[in-house]
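Worksheet for the structure shown next.
For the numbers below, each heavy atom of this structure counts, side chains included, while hydrogens, waters and symmetry mates do not.
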Amino acid sequence: MIPVTVSVSDASAGAKYSSWVRFDSWALPNVSVQINKSGTVNYTLETTMDDPNSPTDAVAVNDVTWFNSTDANVVGAIAAKQTSFTSLIPTFARIKLNSGSGSVTATFVQAGNVTF
């Protein structure tokens with residue numbers, strides 16, 4: 001899979017969120033994440049299993065429930081970090097910029113793809 005990069009900046013007036021990253025639910029469940037930061041920021045990697053695009057169990061975009069990453073190192077983090085999803089991947093992930101006057105950029109790489 002081609003790496004997907006999302007960015008978010010300047011939470012001086014309250015929390016801000018990056019775009020959502022969608023993972024391939026049919027591919028291998030290995031996702032590497034690298035989160036870089038600039039300035040003074042506090043951020044959290046959030047995930048969800050909800051899917052507004054599900055043909056059988058769609059959840060409205062405004063009703064999607066987001067959870068802090070199970071890796072405590074990327075919850076309320078203030079430094080660049082790497083983490084991964086290795087056994088069960090979420091449907092979506094995003095970066096929440098909790099506070100600060102800088103930016104956070106996260107790159108997600110999912111190992112492999114579906115073979116046809």
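- For residues 30-48, every residue pair satisfying the salt bridge (charged side-chain N to carboxylate O under 4.0 Å, His left out) rule, not counting sequence neighbours, is listed here: Glu46-Arg94.
- Listed by chain and residue number, nothing satisfies the side chain to side chain donor-acceptor pair (under 3.5 Å) test with Ser84 (two or more places apart in sequence, or in another chain).
- Applying the side chain to side chain donor-acceptor pair (under 3.5 Å) rule to Ser99 yields no partners; only residues at least two apart in sequence or on another chain are considered.
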Query raised in the report: Could you go step by step and tell me if Asp50 and Phe67 meet the side chain to side chain contact (heavy atoms under 4.5 Å, CB included) rule?
Result: CA-CA 11 Å; Asp50 291 345; Phe67 294 93; over 6 Å; no
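- Distance alone, capped at 3.5 Å, places no donor-acceptor pair between the Gln34 side chain and the Phe108 backbone.
- The salt bridge (charged side-chain N to carboxylate O under 4.0 Å, His left out) analysis of residues 4-15, with sequence neighbours excluded, yields no pairs.
- Listed by first and then second residue, the salt bridge (charged side-chain N to carboxylate O under 4.0 Å, His left out) pairs involving residues 74-91 amount to none (not counting sequence neighbours).
- Note on Val41 and Val6: same hydrophobic cluster, where clusters join Ile, Leu, Val, Met, Phe, Trp and Tyr whose side-chain heavy atoms are under 4.5 Å apart, directly or indirectly.
- Scored by the salt bridge (charged side-chain N to carboxylate O under 4.0 Å, His left out) test, Asp51 finds Arg22 as partners (sequence neighbours excluded).
- Judged as a side-chain contact (heavy atoms from CB on, under 4.5 Å), and not counting sequence neighbours, the contacts of Asp71 are Ser69, Asn73, Val74, Thr83.
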Report task. Could you walk me through whether Phe23 and Val31 pass side chain to side chain contact (heavy atoms under 4.5 Å, CB included), step by step? Result -> CA-CA 9 Å; Phe23 299 105; Val31 177; 3.5 Å; yes
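- Remark: Thr5 pairs with Thr105, Thr107 by the side-chain contact (heavy atoms from CB on, under 4.5 Å) rule, at least two apart or across chains.
- Listed by chain and number, the residues in a ring pair (Phe, Tyr, Trp, His ring centres under 6.0 Å) with Trp20 are Trp66, Phe92 (sequence neighbours excluded).
- Contacts of Asn62 classified as side-chain contact (heavy atoms from CB on, under 4.5 Å), with partners at least two apart in sequence or in another chain: none.
- Follow the hydrophobic side-chain contacts under 4.5 Å out from Val61 and you reach Val59 in the same cluster.
- Residues satisfying the side-chain contact (heavy atoms from CB on, under 4.5 Å) test with Ala15, not counting sequence neighbours, are Tyr17, Lys96.
- Residues satisfying the side chain to side chain donor-acceptor pair (under 3.5 Å) criterion with Ser103, sequence neighbours excluded, are Ser38.
- Linking Ile, Leu, Val, Met, Phe, Trp and Tyr residues whenever their side-chain heavy atoms come within less than 4.5 Å leaves Val75 and Ile35 in two separate clusters.
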